[in-house]
Amino acid sequence: MEHYFSLDEDLQEIRMSLNKDPHIGKAIKQFWGLRLIRQDPWECLISYICATYKSIAAIKHMLNNMAEKFGEKTALDGFEFYTFPSCQTLAAASEAALASCGLGYRAKYVLETSKRICNEDYDLESLRKLPYADAKKVLMSFSGVGAKVADCVLLFSLGKTEAFPVDIWVKRVLLNHYADKLPKETVQRLSSSDSLSSGDYKRLNEFGVEYFGEYAGWAQEYLYHLERMTV
DNA sequence: ACCCAGGAATTGT
DNA sequence: ACAATTCATGGG
């Protein structure tokens, strides 16, 4: 349990190294109790593949559906729940059955990635040993996994604290509070467009990693939560 | 009915 | 390399 909530990390050092400006200072102060979870990489990978271009409420619904349909029913302290389905189970599922959980076009990605991990008996934990950039390339070779999903898995499951996932909320943070530190033409393009090209993702991601350093992922979480509370 | 969502793959330039 | 388009579905 301590491991799951990252309670062994040196929070003092992390907070100090991240406190580079008043805005993140405010976020750190407001979310003093924030922890990074360490999720199982398989569950994390599939969850974030499903999460692409979906609202958080809809994501919860999808994952519940998948667990009820493909997971195992277990009980703990009299509380019943369903485990997250194994890659063998999902690899054997039909695309239609996955789609009916609310996955839509993501069903194909989940199926392809499940089959590959199952067939190759791929151990996602082995990515821990690779440097951030190398592990990211491997993850992005799976179906349905782009830079954002890869960064989430690296941060939440594989201990890469320098990973800096850029979703629409982090994009808003950077535009609203860090525009003066970004290239002018990038800021202009981002504020006039709703989507994020792969090139601009890379620019924002690299800004985060360079500006906040080896704990950029923690910075992302502080900023993300502040932005969501502020709206 | 309408709008957009913790983006990625595909196609066009 | 980079920009535009498409993608299926649910919750607010």
Side-chain angles (χ1 to χ4, degrees), chain A residues 27 31 34-37 39 41 43-69 93-117 136-158 160 163-177 183 185-208 216-231:
Chain A
F31 300 100
L34 181 143
R35 298 290 187 277
L36 274 180
I37 59 164
Q39 225 186 345
E43 180 172 349
C44 187
L45 178 63
I46 297 301
S47 298
Y48 276 99
I49 289 175
C50 293
T52 61
Y53 202 49
K54 271 293 187 185
S55 66
I56 291 180
I59 295 164
K60 288 179 182 169
H61 198 233
M62 287 192 312
L63 295 175
N64 278 335
N65 287 343
M66 285 176 69
E68 283 186 19
K69 194 156 202 163
S94 73
E95 189 175 327
L98 287 169
S100 74
C101 294
L103 300 195
Y105 64 91
R106 302 163 197 80
K108 184 177 163 192
Y109 304 149
V110 168
L111 189 56
E112 286 176 353
T113 292
S114 298
K115 280 182 178 171
R116 191 178 143 196
I117 289 185
K136 187 168 177 176
K137 273 183 198 167
V138 175
L139 284 173
M140 288 176 69
S141 73
F142 286 95
S143 179
V145 181
K148 197 283 183 163
V149 171
D151 275 327
C152 286
V153 177
L154 289 166
L155 178 61
F156 299 127
S157 294
L158 297 172
K160 303 299 181 190
F164 189 81
V166 180
D167 56 42
I168 52 173
W169 294 94
V170 175
K171 173 188 160 186
R172 285 169 194 161
V173 173
L174 296 178
L175 279 179
N176 292 338
H177 303 282
E185 59 273 19
T186 303
V187 173
Q188 200 155 29
R189 208 166 340 107
L190 292 178
S191 41
S192 64
S193 166
D194 46 345
S195 63
L196 188 62
S197 70
S198 60
D200 283 333
Y201 182 95
K202 198 154 185 279
R203 272 182 274 279
L204 296 185
N205 176 44
E206 282 172 0
F207 164 76
W218 284 79
Q220 188 266 13
E221 283 299 291
Y222 284 115
L223 296 173
Y224 170 85
H225 288 289
L226 179 59
E227 194 69 15
R228 294 210 60 146
M229 293 300 282
T230 304
V231 169

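Remember, predicted model here, so these are calculated numbers, not experimental data. The sequence lines fix the lettering, A, B, ..., with proteins before strands; numbering per chain opens at 1.
- By the 30° and 60° cut-offs, the orientation of the rings of A:F156 relative to A:Y48 is parallel.
- Between A:K60 atom NZ and C:dG12 atom C1' there is a gap of 14 Å when expressed in whole angstrom units.
- For A:E206, the side chain to side chain contact (heavy atoms under 4.5 Å, CB included) test picks out A:K202, A:E210, with sequence neighbours left out.
- The CE-C1' distance, from A:M66 to C:dA8, rounds to 15 Å in whole Å.
- Residues meeting the side-chain hydrogen bond (donor to acceptor under 3.5 Å, both in side chains) test with A:K148, sequence neighbours left out: none.
- Distance, A:E185 CD to C:dA3 P: 11 Å, rounded to whole Å.
- Residue A:L190 contributes atom CG, which lies 11 Å from atom P of C:dA3 at whole-angstrom precision.
- Straight-line distance from the CD atom of A:E95 to the P atom of C:dT9: 11 Å, rounded to whole Å.
- Taking the side-chain hydrogen bond (donor to acceptor under 3.5 Å, both in side chains) definition, one finds that A:E112 meets it with A:S143, sequence neighbours left out.
- For A:L111, the side chain to side chain contact (heavy atoms under 4.5 Å, CB included) test picks out A:E95, A:L98, A:K115, with sequence neighbours left out.
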Sugar-phosphate means primed atoms, P, OP1 and OP2; the rest is base. With that split, encode nucleotides 7-13 of chain B 5' to 3' as B, S or - using protein heavy atoms under 4.0 Å. BSS----
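- For A:N64 and C:dG11, the CG to P distance is 11 Å, given to the nearest whole Å.
- Rounded to whole Å, atom P of B:dA5 lies 19 Å from atom CG of A:L63.
- Residue contacts for A:Q220: at a heavy-atom cut-off of 4.0 Å it reaches a base atom on one of the strands shown.
- The side-chain hydrogen bond (donor to acceptor under 3.5 Å, both in side chains) search around A:K137 returns none, not counting sequence neighbours.
- A straight line from CZ of A:R189 to C1' of C:dA4 spans 14 Å, rounded to a whole angstrom.
- Taking atom P on both B:dT11 and C:dA8, the two are 14 Å apart, rounded to the nearest angstrom.
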